[in-house]
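Below, read A as the first sequence line, B as the second, and so on, with proteins coming before strands; counting in each chain starts at 1. Everything numeric here is computed off the predicted structure, so don't read it as measured data.
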There are 2 protein chains.
Amino acid sequence: MEKQTVTIYDVAREAAVSMATVSRVVNGNPNVKPATRKKVLEVIDRLDYRPNAVARGLASKKTTTVGVIIPDVTNIYFSSLARGIDDIAMMYKYNIILTNSDENGGKEVQVLNTLMAKQVDGIIFMGNQVTDELREEFKRSKAPVVLAGSVDSEKAQPSVNIDYVAAVAEAVKNLIDHGNQKIAFVSGSMDEAINHDYRLKGYKKALKDAGIAYDDKLVFETDYTYKAGQSLEPALSAAGATAAFVGDDELAAGVMNGLTDAGVDVPGEFEVITSNDTKLTELVRPKMSSITQPLYDIGAVAMRLLTKLMNNETVEENTVILPYGLMKRSSTK
Amino acid sequence: MEKQTVTIYDVAREAAVSMATVSRVVNGNPNVKPATRKKVLEVIDRLDYRPNAVARGLASKKTTTVGVIIPDVTNIYFSSLARGIDDIAMMYKYNIILTNSDENGGKEVQVLNTLMAKQVDGIIFMGNQVTDELREEFKRSKAPVVLAGSVDSEKAQPSVNIDYVAAVAEAVKNLIDHGNQKIAFVSGSMDEAINHDYRLKGYKKALKDAGIAYDDKLVFETDYTYKAGQSLEPALSAAGATAAFVGDDELAAGVMNGLTDAGVDVPGEFEVITSNDTKLTELVRPKMSSITQPLYDIGAVAMRLLTKLMNNETVEENTVILPYGLMKRSSTK
DNA sequence: CTTTGATATGAAAGCGTTTTCAATGTTGCG
DNA sequence: CGCAACATTGAAAACGCTTTCATATCAAAG
């Protein structure tokens with residue numbers, strides 16, 4: 001016994017009106033006489049009619065769902081953005097199809113294709129390796145795409161970010177001002193635009209402004225994992241670094257704990273500043289100083305921007321830059 | 001200039017076959033002569049045809065998407081489950097519509113309704129307050145529902161969990177074995193079945209087995225937040241507790257840091273054991289001892305179970321219990 | 001050559017909405 | 001009372017696919 005579904009046709013019959021009229025009242029179209037509206041509403045209630053969104057999507061060519069591509073939900077930086085995205089989406093009556101990409105180009109392309117097949121009205125992309133192939137897919141997509149907390153050197157897509165170059169430069173300057181001369185730059189893969197094209201640029205800028213020579217022995221490219229950070233200590237010490245700028249909070253926690261476990265005093269002998277100001281910065285001891293950024297808002301604003309784009313509203317600025325800050329906690333002097 | 005979409009009809013025309021045949025090759029139906037299959041495939045490639053999943057969903061009554069209701073993606077316990085869910089979903093060609101509920105009953109019911117309107121093929125629910133209304137919605141849903149890492153005292157739905165009662169009892173026994181007599185029980189809302197009906201039961205069991213009287217002054221009901229845990233110290237000390245079982249890792253981190261900040265030595269003067277074995281346990285110092293549970297697997301198994309249910313396969317056991325363990329780190333003696 | 005039993009294919013009816021366009025009602029006004 | 005102008009309603013055509021059922025084709029067997 002399959003559960004019977006009641007359709008718009010059933011409602012029309014019971015209410016003795018046409019499907020068109022039922023459709024109108026369901027969609028809040030004002031061109032319906034109050035009396036018939038009431039009558040239809042009663043039948044809808046009595047039959048417990050629920051519009052089928054799939055049929056609706058086919059007929060109207062709008063699904064009120066957007067695709068969200070995220071490197072890994074388990075990464076608190078990204079999940080914070082995702083929360084902002086979902087809240088605003090819900091506010092605007094959209095749903096989110098969420099997929100993890102592991103920043104794997106092939107997977108991203110594939111996911112993008114299934115999202116487009118599912119006729120999502122828009123897409124929010126997180127990830128910092130926008131390959132040519134991906135860019136090509138974005139272009140051919142009829143659904144607008146916005147990058148959230150992610151950069152593409154080509155700047156072809158609308159996006160929401162902070163000014164990474166300036167933020168990192170300021171963070172590194174802070175370290176320099178404390179007397180550090182050998183400052184490590186530790187980040188994830190240099191294949192990511194955000195690392196090679198933004199953070200590293202800010203790092204170099206700060207060094208240059210202070211008249212310190214850039215030394216690529218101080219650049220550590222690794223994974224965004226706690227373990228990776230933790231095992232970095234010997235190398236960090238060997239390079240003679242006395243401070244580090246780190247591109248991810250979990251990684252930074254690893255670096256810091258690795259240092260501490262090796263008997264290095266943070267911040268006494270080694271200062272650490274991280275990038276994302278997630279909850280993690282407050283959990284570890286010492287608490288980590290960090291660049292601050294409005295994580296939730298980045299997601300929220302990206303979604304808001306997307307709603308405008310999906311609505312064909314003209315938007316003043318396609319690439320929005322949110323303010324950042326520097327939060328001094330206890331991992332720096 | 002709207003981007004033109006090519007339909008199955010276009011392909012059929014170009015390949016000089018019927019839509020039915022195109023549909024067959026697209027769906028891998030074997031009843032197609034290799035020669036015509038090849039011909040159709042070529043046209044598909046040439047026209048860059050992509051099947052419209054919405055139309056497909058309407059015609060076939062299957063959307064290959066499942067709804068996932070999660071209290072908060074930002075909570076690493078749940079996001080870990082979500083990762084398992086998504087991976088398995090992808091493996092079986094499903095997509096996930098993810099929505100945050102904040103464990104808010106009203107929101108959950110509403111979300112459930114929009115998921116059903118969107119004709120999801122199945123639903124995975126996370127959250128521990130299954131109200132009557134919710135249970136009612138589950139029942140009327142034509143899509144199967146499975147609970148992941150969440151319990152309902154009524155046990156009406158298929159679910160995947162660990163044996164919380166036994167796990168907590170074991171954890172608390174461990175604390176007792178270390179000589180603690182006054183052990184605090186700190187958890188989130190007692191409205192959650194997992195707390196009042198499982199964890200607390202395990203806690204009481206352990207006490208009883210050891211001949212220790214239950215004292216509700218030692219039960220602390222609070223939020224699942226770091227701050228909440230951190231500000232618990234005075235109360236904990238006032239109650240004379242020398243150890244605590246905590247129901248959430250972030251909360252536990254707060255409790256521990258609050259203690260430490262107040263000059264209480266962990267584990268010397270106060271032992272802490274937590275519940276979820278997320279990454280957080282390794283980030284804090286001292287590292288937290290914890291009940292261990294296969295987070296990713298709970299999600300993965302839940303999704304796998306759901307695929308069977310959606311497929312109308314008969315499943316041997318509807319409520320699966322995965323193994324748990326106890327991981328001794330440095331927050332206990 | 002027929003017959004037969006697969007094997008391949010096509011026609012057309014849905015799937016449950018939205019939307020266009022025409023038809024019908026209603027109201028106000030001279 | 002007659003008519004223009006506007007407010008309501010309905011019929012039916014999409015939307016892009018799957019699926020059923022009937023037809024056509026074909027190789028092997030008689």
Side-chain angles (χ1 to χ4, degrees), chain A residues 2-41 43-44 47-65 93 114 116-121 142, chain B residues 2-41 43-44 47-65 93 114 116-121 142:
Chain A
E2 262 302 296
K3 305 197 187 183
Q4 194 50 55
T5 86
V6 6
T7 74
I8 199 174
Y9 177 78
D10 299 318
V11 176
R13 181 169 31 70
E14 287 291 307
V17 298
S18 71
M19 289 164 46
T21 298
V22 177
S23 175
R24 286 190 188 98
V25 349
V26 167
N27 292 295
N29 182 317
N31 301 343
V32 181
K33 195 161 46 167
T36 73
R37 176 189 309 283
K38 181 156 174 292
K39 182 173 60 175
V40 172
L41 251 16
V43 175
I44 286 180
L47 302 190
D48 192 29
Y49 164 69
R50 325 277 193 97
N52 178 323
V54 173
R56 217 198 272 241
L58 182 58
S60 69
K61 296 175 165 306
K62 296 205 171 313
T63 54
T64 64
T65 107
K93 314 278 190 198
T114 98
M116 286 165 51
K118 296 213 169 174
Q119 314 295 119
V120 295
D121 296 335
K142 61 175 76 171
Chain B
E2 262 302 296
K3 304 198 188 183
Q4 195 49 55
T5 85
V6 6
T7 74
I8 199 175
Y9 177 78
D10 299 319
V11 175
R13 182 169 32 71
E14 287 291 308
V17 299
S18 71
M19 289 164 46
T21 299
V22 178
S23 176
R24 287 191 187 96
V25 350
V26 167
N27 293 296
N29 184 316
N31 302 345
V32 181
K33 191 159 50 165
T36 73
R37 177 189 309 283
K38 180 155 175 293
K39 183 173 59 173
V40 171
L41 251 15
V43 175
I44 285 179
L47 302 190
D48 191 29
Y49 165 70
R50 324 278 192 96
N52 178 324
V54 173
R56 215 198 273 240
L58 182 58
S60 69
K61 295 173 167 307
K62 295 204 171 313
T63 54
T64 63
T65 105
K93 313 279 190 200
T114 97
M116 288 165 51
K118 294 212 170 173
Q119 313 296 118
V120 295
D121 296 335
K142 61 175 77 170

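- Residues Val6(B) and Val11(B) share a closest heavy-atom pair of CG2-CG2, 4.4 Å.
- One can place NZ of Lys38(B) at 18 Å from C1' of dA8(C), the figure rounded to the nearest angstrom.
- The side chain of Tyr49(B) lies closest to dC17(D) when the candidates are dT18(C), dT19(D), dC17(D).
- Residues Lys61(A) and Asn52(B) form no side-chain contact, since every pair of their non-hydrogen atoms from C-beta on lies 4.5 Å or further apart.
- Put simply, Asn27(A) has a side-chain N or O that comes within less than 4.0 Å of OP1 or OP2 on dT18(C).
- Atom CG in Asn29(B) sits roughly 11 Å away from atom P in dT20(D) (whole-Å rounding).
- Here the P atom of nucleotide dT19(C) and the CG atom of Leu58(A) are 12 Å apart, to the nearest Å.
- Summarising the geometry, the separation between CZ on Arg37(B) and C1' on dT7(C) is reported as 13 Å, rounded to the nearest angstrom.
- In this structure, Lys62(B) atom NZ and dG16(C) atom C1' are separated by 17 Å, rounded to whole Å.
- Looking at the side chain of Val32(B), the nearest of the listed nucleotides dC17(D), dT19(D), dT9(C) is dT9(C).
- When the P atom of dC17(D) is taken as reference, atom CD of Gln119(B) falls 19 Å away, rounded to whole Å.
- Note on Tyr9(B): every side-chain N or O is 4.0 Å or more away from OP1 and OP2 of dA12(C).
- The listed nucleotides are dG16(C), dC17(D), dT17(C); the one nearest the side chain of Thr5(A) is dG16(C).
- In this model, a donor atom of one side chain and an acceptor atom of the other lie less than 3.5 Å apart for Thr64(A) and Lys118(B).
- Residue Val17(B) is in sugar-phosphate contact alone, with no base atom involved, counting any heavy-atom pair closer than 4.0 Å across all strands shown.
- The residue among Ser18(B) and Lys33(A) whose nearest nucleotide of DNA chain C lies closer to the 5′ end is Ser18(B).
- Of all the heavy atoms in Gln119(B) and Val54(A), the pair that sits closest is CG-CG2, 3.5 Å.
- Taking every side-chain heavy atom of Met19(A) into account, dT18(C) is the closest of dG16(C), dT18(C), dC21(C).
- Two residues are said to be in side-chain contact when any heavy atoms from C-beta on lie closer than 4.5 Å; Thr21(A) and Ser18(A) meet this criterion.
- Residue order along DNA chain C, read from the 5' end via each residue's closest nucleotide, puts Ala16(B) first among Ala16(B) and Ala59(A).
- When each of Val54(B) and Thr21(B) is assigned the nucleotide of DNA chain D with its nearest heavy atom, Val54(B) is the one assigned upstream, toward the 5' end.
- One interatomic measurement links the two molecules: NZ of Lys118(B) to P of dC15(C), which rounds to 23 Å at whole-angstrom precision.
- One finds no side-chain N or O of Lys61(B) lying less than 4.0 angstrom from the OP1 or OP2 phosphate oxygen of dC17(D).
- Atom pair Arg56(B):CZ and dC15(D):P shows a separation of 19 Å (rounding to whole Å applied).
- In this structure, Asn31(A) does not reach the dT9(D) phosphate: none of its side-chain N or O atoms is under 4.0 Å from OP1 or OP2.
- The side chain of Ala20(A) lies closest to dA11(D) when the candidates are dG16(D), dA11(D), dT19(D).
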Sequence neighbours left out, cut at 3.5 Å: what donor-acceptor pairs do the side chains of residues 29-37 of chain A make with other protein atoms?
residue  : atom : partner  : partner atom : Å
Asn29(A) : OD1  : Asn31(A) : N            : 2.8
Thr36(A) : OG1  : Lys33(A) : O            : 3.0
Arg37(A) : NH2  : Asn29(A) : O            : 3.3

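- In this structure, Ser23(B) does not reach the dT19(D) phosphate: none of its side-chain N or O atoms is under 4.0 Å from OP1 or OP2.
- Taking side-chain N and O atoms only, Thr36(B) has a distance below 4.0 Å to OP1 or OP2 of dT9(C).
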